[in-house]
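Worksheet: the structure to be examined is printed underneath.
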Amino acid sequence: MARILPLADAVSELVQDGDQVACEGFTHLIPFAAGHEIIRQERKNLTLVRMTPDLIYDQMIGMGVANKLLFSWGGNPGVGSLHRLRDAIERQWPTNLAVEELSHAGMVQAYMAGAAGLPFGTMRGFTGTDLPKVNARIKSITCPFTGENLAAIPAIRPDVAVIHAQKADRTGNVLIWGIIGVQKEAALASKRVIVTVEEIVDRLEPPPNACVLPSWVVSAVCLAPGGAYPSYAQGYYDRDNRFYQLWDKISRSREQFLHWMKVNVLAASGPVNFREKFSNMERVA
Amino acid sequence: MARILPLADAVSELVQDGDQVACEGFTHLIPFAAGHEIIRQERKNLTLVRMTPDLIYDQMIGMGVANKLLFSWGGNPGVGSLHRLRDAIERQWPTNLAVEELSHAGMVQAYMAGAAGLPFGTMRGFTGTDLPKVNARIKSITCPFTGENLAAIPAIRPDVAVIHAQKADRTGNVLIWGIIGVQKEAALASKRVIVTVEEIVDRLEPPPNACVLPSWVVSAVCLAPGGAYPSYAQGYYDRDNRFYQLWDKISRSREQFLHWMKVNVLAASGPVNFREKFSNMERVA
Amino acid sequence: MHYSADEIMTVSAARMLRNGAVCFVGIGLPSKAANLARLTHAPELVLIYESGPIGAKPSVLPLSIGDGELCTTADTTVSTAEIFTFWLQGGKIDVGFLGAAQIDRFANINTTVIGDYDRPTVRLPGAGGAPEIAGSAGEVFIVLRQTQKTFVERLDFVTSVGHGEGGDYRKRIGLLGGGPAAVITDLGILRPHPTSKELTLTNIHPGVAIDQVRAMTGWSLSFSSSLEITPAPTTEELAVLRDLEQRTATAHGAAPV
Amino acid sequence: MHYSADEIMTVSAARMLRNGAVCFVGIGLPSKAANLARLTHAPELVLIYESGPIGAKPSVLPLSIGDGELCTTADTTVSTAEIFTFWLQGGKIDVGFLGAAQIDRFANINTTVIGDYDRPTVRLPGAGGAPEIAGSAGEVFIVLRQTQKTFVERLDFVTSVGHGEGGDYRKRIGLLGGGPAAVITDLGILRPHPTSKELTLTNIHPGVAIDQVRAMTGWSLSFSSSLEITPAPTTEELAVLRDLEQRTATAHGAAPV
C-alpha cells in the first residue's frame with residue numbers, strides 16, 4: 001500500500017546514491033518537482049533512464065547527480081539542443097556522463113519486458129543502423145518458427161520509477177490520463193515507485209478502463225500541485241512552451257545555468273509550487 | 001474506412017469457407033448475432049479461434065461450420081461442459097474437429113504477436129506441463145542476455161476478427177468499454193474486422209484513453225442491438241446467467257440441440273434481436 | 001451451528017488469505033472462498049480476475065469469470081492481455097487460487113482430459129489461466145472436493161505444475177513462483193512436506209475420520225505428526241457465506257458450482 | 001504571391017500526402033507539412049504521433065511531440081508502448097514523415113552525432129522514433145533543408161536506414177516497409193531511382209538553379225531526365241500555412257522550428 005508522504009521524505013527514503021532512476025512522462029506529466037527534490041538532496045552517481053531526457057534531466061545532469069544516462073531522444077522538443085546534456089557528453093562537464101542509447105521503440109520494449117517479468121523484449125528494429133555497433137543492449141534473436149532475425153533488448157528494472165499524475169485517492173490509488181506515455185510500464189517495471197500528484201481526492205472515480213496504478217504497486221504518493229511544470233498536467237494547466245524556449249537561453253552557459261538553479265531550485269527549502277513561481281523565474285532569467 | 005453494412009452482407013462478403021475466424025469477447029460482448037449469421041450462411045471448414053469457446057462456438061461447432069478449433073478454455077462458465085464441443089472431440093459429431101490448445105496466457109501472446117507484426121511472442125509458461133507435448137505451437141527460446149529458457153508461441157493472424165462493441169459513430173469508429181478482453185489485439189492481428197454494435201451514434205465521445213478502434217482498421221460495422229445476448233453489453237443489458245444454465249440442458253442431446261437451432265437461429269430470415277426473443281426461447285427449450 | 005462439508009471447505013480456504021494480499025482468482029470454488037475472505041477477515045484483499053478487473057468487489061458471486069459487476073466494482077479494468085503479461089507474469093500476484101479436476105501427490109493439476117489426449121473419455125475445459133497462475137503466483141492455494149477420482153496416483157495430463165516430481169523440482173525447471181502451499185478439500189487441508197513436497201494431511205475437518213480421507217485419496221497418503229482438527233466455521237463465517245450464496249442465487253437463478 | 005524557400009518546401013511536402021492516408025508524424029517540419037495537408041487537400045489524413053494520439057487534429061502546431069491538444073483532438077490516445085508495438089510495428093502506418101540532420105545519397109539518415117560517436121563534435125538528439133518509422137512505415141517522406149552540411153557523401157552515423165547501400169538492400173536485410181519515397185527540401189524534390197535507389201532530383205523549385213542544388217549536395221547529384229519545376233504554392237496553400245503559423249506563434253510565443 002502506498003504511503004502519502006511529503007515529497008522530501010519520499011525522495012530521502014526511496015532514492016539512494018547509485019540507484020537506477022526512471023523519471024518518465026512523455027512531454028506530458030514530467031515529474032519536475034520530484035527531479036528538483038533529487039537535486040536538492042544532492043544524490044550522486046544515479047543512472048538516469050528516460051526516453052526523452054527533456055529539461056528535467058538537463059537540469060539533473062548539469063547539477064551532477066548522474067554518471068550514466070539511458071535514453072532514446074535527447075533534445076529540447078521543438079526548440080533544439082539540451083545544452084547541459086551536450087556539455088556533459090561533448091566536454092564531460094560537470095562529470096563524464098556514460099551514455100547508452102536506444103530508439104523509442106527499443107526503450108518501450110525494455111520497459112515492457114521489465115513490467116512483464118521477462119528478461120528481454122523482441123522487436124523489429126535497428127536492422128542496418130549503427131546503433132547495435134555502439135550499444136551491447138541490442139542483440140539479435142531468431143524466431144523458432146520462421147527463422148527470421150529480430151532485435152532483442154534486455155529488460156529495464158529501475159530501482160525507482162518517479163512519475164507525476166493528475167490525482168490519487170487517500171488510499172494511494174493513482175489516476176493518469178491524457179498522453180499516458182510509458183508511465184505504467186515504467187512503474188510496473190520498477191522496484192519502488194514515487195508518484196507526485198496535482199491533488200489528493202476522496203474518490204478517484206476513473207472512467208472505465210482508465211490508466212490506474214493501484215495503491216499496492218505504489219511506494220509513496222506525494223502532493224505536488226504544479227509538479228509537472230513547465231511540462232503540463234492535462235485538465236490542470238498547459239505546457240509552458242515559452243519556458244522551453246527560454247530554457248535554451250538559460251542553459252547555454254554553465255554560469256547562468258548554475259545561477260538559475262541556485263535561485264530557483266536549491267534556494268527552495270523544499271518542494272515549491274514551481275508553476276506559481278514562474279513570473280519570478282522570468283525576471284531571474 | 002469501415003463501411004456500415006447489414007450483418008448478412010458483411011458476413012457474406014468478409015467470411016469465406018476455410019477462413020481462420022476469431023470471434024472474441026471475454027465473457028462480455030460475445031458476438032452471438034454474428035456467429036448466428038455465419039451459421040445461417042452455412043460456412044464450412046472454418047478454423048475457429050477463441051480463448052473461451054463459450055456457447056457461441058458450441059453452437060457453431062455443433063452446426064458443423066468448423067473443422068478446427070484453437071482455444072484455451074472450453075467450458076460453460078460456472079455451469080460445466082460445452083456438450084457440443086465435447087461431442088465433437090469425444091465422438092467426432094458432427095465432424096472430426098481438430099483441436100489445438102494453449103493456455104490463456106499463450107493465446108494472449110499469440111494475439112499480441114499478431115497485432116504487433118512479430119512472428120512469435122515470448123512468455124514464461126508451460127514449463128513442466130504436458131501441453132508442449134501435444135501442441136507444436138509451443139517451442140522454447142533462449143534469452144540472449146541471461147541464457148534463460150522461455151516459451152515461444154507463433155503469432156495468430158486470423159483472416160477475420162468478429163467482435164461486438166457498445167457503439168460506433170457514423171464514420172465507423174468503434175468504442176469498447178468494460179471488460180475489453182483481447183478484442184483490440186484480435187482486431188489488430190486480423191486481415192479483416194467485422195464489428196457488430198448496440199448502437200450507431202453521431203458522436204462517439206469516448207473517455208480519455210478509451211479502447212477505440214479507429215474506422216480505418218475496421219472493415220464493416222453492423223448494427224445489431226442485443227447482438228451479444230446471452231452474453232452482455234455493459235451499459236445496455238446484463239449477462240443472462242439463466243440462459244447459460246438452460247443451455248446445459250438444451251445442448252445435451254443432438255436432437256434437442258438441432259431443433260433449438262432450427263427454431264431459434266436457422267428459421268430467422270436474417271439478424272434478429274435475439275435478446276428480445278428470449279421469452280420465446282424458454283418455451284422452446 | 002450445523003454446516004456442510006462444502007461449507008467448511010470454503011471457510012477453510014477463505015481463512016488462508018491474509019488481509020491485503022493480492023489474489024488472482026479462478027472461477028467457482030476459489031472465487032467463492034476469496035469473496036468470503038474479503039467479506040470477513042480480509043476486507044483489503046485485492047481480487048484480480050483473468051478477464052481484466054483489478055480490485056473487484058462483487059456483491060454476488062460471478063457465474064462467469066467476466067461478469068459485469070467485477071468490472072463496475074473494480075479499481076480499474078485492463079485488457080486480458082495486460083492481466084497476463086504485466087500483472088501475473090510481471091510478478092505482482094501474491095496468491096493464485098485454483099480449482100482442479102484431478103490432483104496428484106505433488107499437487108500437479110489436470111484440467112485437460114480424462115483418458116487419452118487424442119481420444120479422451122472426458123474432454124475437460126482445458127488450461128485457461130491455470131498453468132501460468134501455478135507458475136508465477138507467489139504461492140498457490142487449490143480448492144477441490146476430495147474423492148478417488150480427483151485425488152489420483154497418476155494424472156492423465158499435467159495441465160499445471162505444482163511441485164512436479166517433488167523436492168526442488170520447481171527451482172530446477174526455473175519456475176519463479178512458490179507453487180502450491182495448501183490444498184483445501186471437503187475433508188481436510190493438505191500441505192506439501194517441507195523438503196519432499198509430497199502433500200501431507202495437516203488438518204482434518206471435525207467429524208471426518210482418517211480412514212475416510214485415506215479412502216478418498218488415490219495414493220498412500222501421509223499424515224502430519226501434528227495433525228490438527230480444523231476449527232469449525234464460526235457463526236459469522238457461516239452467516240456471511242450463506243448470505244452471499246443466497247444473494248447469488250437470487251441474482252443468477254442458482255448458485256454457481 | 002510571394003513565398004519563401006521554407007514555404008514551398010512545406011507545401012511540396014504536404015502535397016505528398018494523399019487524403020485518408022495514415023501518417024506517423026515526426027515533430028517540426030514533418031508535423032507542419034502534415035497538418036497543412038490535413039487543412040487543405042487531405043481532410044481525412046490520419047495523424048499519429050509517437051506520444052500516443054491517434055487521429056490528432058491540432059488547431060496549432062505542437063511544439064513538442066506530446067502537446068495536450070494532440071490528445072484532446074485525437075480519436076483516442078493510447079500508451080507510447082502501444083503506438084510503437086501495435087500501430088507502427090504492426091504495419092498499420094501508410095506513411096512515415098521524418099526530418100533529419102544528415103542524409104546520404106540512399107536517403108539513410110543521421111540524427112545521432114556529428115563526428116566520432118564516443119567524442120562527438122556535436123551531440124544530436126538521437127534516434128527517437130525514427131529507426132522504426134523508417135523500417136516499418138509503408139513509405140517514408142523526409143523533409144529537411146538542403147545544404148552541404150545536411151546532404152553528405154558519408155554519414156557520421158546511420159541512425160535510420162533509407163535504402164542502405166541501394167538496390168534491393170532493404171529487402172535483403174528484411175525490412176518490411178518500403179523506405180523513402182521522396183525527400184523534400186527547400187530547393188526541390190529528390191526521389192530514389194527505381195532500381196539503384198540513389199536519390200535523384202525529380203523536381204526543382206521555381207527560381208532555383210540546378211547548379212545551386214548541386215552546390216548544396218555533398219555528392220555528385222543525379223538529375224531526372226524528366227526534371228520538372230515544382231508548381232508554385234497556391235494562394236490557398238500559402239494562406240492556410242501562414243494562418244497556421246500565425247495561430248501557432250500566438251499560442252506558443254514563437255513558431256516551432
Side-chain angles (χ1 to χ4, degrees), chain B residues 25-28 51-52 54 71-82 85-86 88-90 99 101-109 111-112 115 123-131 133-134 148-149 177-185 211 231-232 234 238-239 241-242 244-246, chain C residues 27-28 49-53 61-68 70-72 77-81 83-85 88-89 108 110-112 117-132 134-136 155 157-161 164 169-170 173-176 251-254 256-257:
Chain B
F26 204 116
T27 303
H28 182 211
M51 292 178 69
T52 60
D54 205 90
F71 77 112
S72 44
W73 193 84
N76 181 339
V79 177
S81 290
L82 293 175
L85 171 61
R86 282 186 56 184
I89 295 175
E90 295 170 11
V99 162
E101 64 187 306
L102 290 165
S103 63
H104 283 348
M107 288 290 285
V108 154
Q109 281 302 324
Y111 277 127
M112 288 175 78
M123 62 183 284
R124 294 187 187 278
F126 301 110
T127 315
T129 78
D130 285 342
L131 285 157
K133 295 178 191 166
V134 299
E148 279 172 280
N149 271 308
W177 62 274
I179 288 178
I180 52 177
V182 290
Q183 280 99 309
K184 182 187 263 192
E185 290 78 4
C211 180
S231 157
Y232 71 108
Q234 190 106 43
D238 289 337
R239 189 172 190 266
N241 286 323
R242 285 181 183 83
Y244 275 81
Q245 290 162 334
L246 182 65
Chain C
I27 206 64
Y49 286 81
E50 63 195 17
S51 57
L61 295 172
L63 185 71
S64 81
I65 205 82
D67 281 22
L70 296 177
C71 171
T72 53
T77 300
V78 302
S79 72
T80 301
I83 279 287
F84 281 102
T85 50
L88 177 59
Q89 184 178 266
N108 302 300
N110 174 21
T111 54
T112 301
Y117 182 79
D118 289 316
R119 288 282 172 266
T121 315
V122 181
R123 173 64 225 203
L124 300 166
E132 287 75 28
S136 292
L155 298 180
F157 193 94
V158 179
T159 313
S160 303
V161 176
Y169 178 87
R170 288 183 66 91
I173 66 168
L175 294 175
L176 298 184
H252 295 169
V257 289

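Everything numeric in this text was worked out from a predicted model, so none of it was measured. Residue numbers start from 1 in every chain, and the chains themselves are labelled A, B, ... in the order their sequence lines are given, proteins ahead of strands.
Counting heavy-atom pairs closer than 4.5 Å to chain B, the top residue among C:G128, C:P131, C:A127 is C:G128. Contact count versus chain B (heavy atoms, under 4.5 Å) is highest, among C:G52, C:G129, C:G135, for C:G129. Here B:S103 is the residue among B:G125, B:S103, B:G75 with the most heavy-atom pairs under 4.5 Å with chain C. When each of B:I180, B:V134, B:I89 is checked for heavy-atom pairs under 4.5 Å with chain C, B:V134 comes out on top. Heavy-atom pairs under 4.5 Å with chain B were tallied for C:G126, C:S64, C:A134, C:C71; the largest tally goes to C:S64. Looking only at heavy-atom pairs under 4.5 Å with chain C, the residue among B:L131, B:D238, B:V182, B:N149 that has the most is B:L131. For the set B:P77, B:S81, B:C211, the count of heavy-atom pairs under 4.5 angstrom toward chain C peaks at B:P77.
The side-chain contact (heavy atoms from CB on, under 4.5 Å) test applied to C:I173 returns B:T127, C:Y169, C:L175, not counting sequence neighbours. Applying the side-chain contact (heavy atoms from CB on, under 4.5 Å) criterion to C:S136, with sequence neighbours excluded, gives C:L88.
At least one donor-acceptor pair closer than 3.5 Å links the side chain of C:Q89 to the backbone N or O of B:R124. Between the side chain of B:E90 and the main chain of C:R123, a donor-acceptor pair closer than 3.5 Å is present. Side-chain atoms of B:Y232 come within 3.5 Å of backbone N or O of C:G68 as a donor-acceptor pair.
For a residue to count as touching a neighbouring chain, one of its non-hydrogen atoms must lie under 4.5 Å from one of that chain's; by this rule C:Y117 touches chain B with the side chain only.
The closest side-chain heavy-atom distance from C:E50 to B:F26 is below 4.5 Å. C:D67 has its side chain within reach of B:N241: a pair of non-hydrogen atoms, C-beta onward, lies under 4.5 Å apart. Side-chain atoms of C:T72 and B:Q234, non-hydrogen and from C-beta on, do get closer than 4.5 Å to each other. Residues C:S51 and B:T27 form no side-chain contact, since every pair of their non-hydrogen atoms from C-beta on lies 4.5 Å or further apart. You'll find the side chain of C:T85 stays beyond 4.5 Å of the side chain of B:M123, heavy atoms only.
Closest approach of B:T129 and C:T159 over heavy atoms only: CG2-O, 3.3 Å.
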